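Note that the structure is predicted; figures quoted are calculated from it, not measured. Note on naming: letters A, B, ... go to the chains in the order of the sequence lines (proteins, then strands), and numbering restarts at 1 for each one.
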Amino acid sequence: MTVRLQSEPFDSGAEVARLSEGRAGVGAVVTFTGLCRDRADNGAPLEALILEHYPEMAQAELERIEAEARARWPLVDALLVHRYGRIRPGEPIVLVATLSAHRATAFAAAEFLMDYLKTSAPFWKQEETAAGTGWVAAKDADDAAAERWSRG
Amino acid sequence: MTVRLQSEPFDSGAEVARLSEGRAGVGAVVTFTGLCRDRADNGAPLEALILEHYPEMAQAELERIEAEARARWPLVDALLVHRYGRIRPGEPIVLVATLSAHRATAFAAAEFLMDYLKTSAPFWKQEETAAGTGWVAAKDADDAAAERWSRG
Amino acid sequence: MKLKYFAWVRERVGLAEEDVDAPAGVATVAELVDWLRGRGPDYERAFAAGPAIRAAIDKRHAKPDASIAGAGEIAFFPPMTGG
Amino acid sequence: MKLKYFAWVRERVGLAEEDVDAPAGVATVAELVDWLRGRGPDYERAFAAGPAIRAAIDKRHAKPDASIAGAGEIAFFPPMTGG
């Protein structure tokens, strides 16, 4: 179980290959990779995203989210990688990978990790466009996505 | 949009890297990789899986499933790779990858593709163990998983 | 028409495929199965599982009451276990 | 105690962090925010968004009515937009 914060780009495929290697009981691997798009939320061409974070809390919060996922589902392993700093279009921002014996577990845990990460991990995005730099507004849809895990 | 049947192993990371390259509007990539476990369904050590398939129908059926996913969700691209023949523990069996602007879409489409593939793509697994070779029984849970997409 | 058999249906019938001419009156998948069961003990054993056996007409899933009129290729197989 | 500010809260306050001694009677996160707003126009502007501003006490999310007694580090920031 690993949580990693870094400014450098990462290679999702290589990360997951390393994670899966020699795991005999794993039948299902689900990955989510969040990429930097080439457009700002308002549609303008995007130069870059700048991700600010609260380092000590980000590490602690991601570890709490991962522990919660492991308590809810029988995971063989999980990986969370999140970048900070300046990120160019096409580059990866975040990676979530879940390894499990069965696919339903791997899917549910990966979605849960992403939903919670979006609403509770202390990262803030700025968009850099020709018009200047502006903070990205939080989306109600993200709160709703995280909320569904606390029902029932 | 690609559907591929092959007997050779594949590299999920490399497949997805190739698929994602230069896709400026993609914010979310979800992958599912199904791996051959080292145990048969009854717990005995597994030597290999042998996958039989109905080639022309498998190709057509996977294309229909993919078209259905594209009709339901706005996907930038999708990839389905399924192996047949002899597969050893630790090797990949199936890969589903979905590329979309947003994560909810990519997750939903990937789960849909896997659920339908499990219950409608004409593949049949045999388990090879020290005790001999036997056909894997279909799981009620797979039918239930596919069924949920037709509700509501 | 051509019949194809897969997995344990294939093993029990003892053939991967064959060409047959079903008699008049055999109009649906279910009627074709009934007729096949009368062709001998291998067929009887292959199709004894009844509703657990799936069919496809010209590479599309077909229900027991589907018409086989004009079908070029009909396949029989157990529930699928891919993925 | 140490206060930390992030994203546009940081920009509006004009500081990334500072050490403060809140007066007696400031017992919760909400009371601390009220007190900070009285410290000048930069603070007023930073905290005018009210409930949209989130807080963390010692690196854990905290509600407005959470007690700040014994807190070593309190952070204020907008809703998160990572991932």
Query raised in the report: Hey, is CG on A:Asn42 packed in by over 12 heavy atoms from elsewhere, all under 6.0 Å?
Result: yes
Requested in this report: Check each of D:Glu73, D:Lys59, D:Lys4, D:Arg60 against A:Met57 using the side-chain contact (heavy atoms from CB on, under 4.5 Å) test, and report the only one that passes.
Outcome: D:Lys59
Report task. Please report the shortest heavy-atom distance between A:Tyr54 and D:Ala75, naming the atom on each side. Result -> CE2-CB, 3.4 Å
Query - Region of A:Gln59 in contact with chain D, defined by heavy-atom distances below 4.5 Å - result: neither
Report summary line: chain D shares the most heavy-atom pairs under 4.5 Å, among A:Phe123, A:Trp135, A:Tyr84, with A:Trp135
Report task. Side chain from CB out, backbone as N, CA, C, O: work out which of these in D:Arg10 comes under 4.5 Å of a heavy atom of chain A, or both, or neither. Result -> side chain
Requested in this report: Indicate the ring-plane relationship of D:Phe77 and A:Trp124, choosing parallel, tilted or perpendicular according to the 30° and 60° boundaries.
Outcome: tilted
Requested in this report: Tell me, out of A:Thr119, A:Leu49, A:Asp143, who's got the most heavy-atom pairs with chain D below 4.5 Å.
Outcome: A:Thr119
Query - CG/A:Asp140: more than 12 non-hydrogen atoms of other groups inside 6.0 Å - result: no
Query raised in the report: In terms of heavy-atom proximity below 4.5 Å to chain D, should A:Ala58 be classed as side chain, backbone, both, or neither?
Result: neither
**Report entry** Pairwise side-chain contact, D:His61 with A:Arg64, heavy-atom cut-off 4.5 Å (strictly under)
**Finding:** no
**Report entry** Considering all heavy atoms, the nearest D:Thr81-A:Val136 contact
**Finding:** CG2-O, 3.4 Å
Query - Contacting moiety of A:Glu52, where chain D heavy atoms sit under 4.5 Å - result: side chain
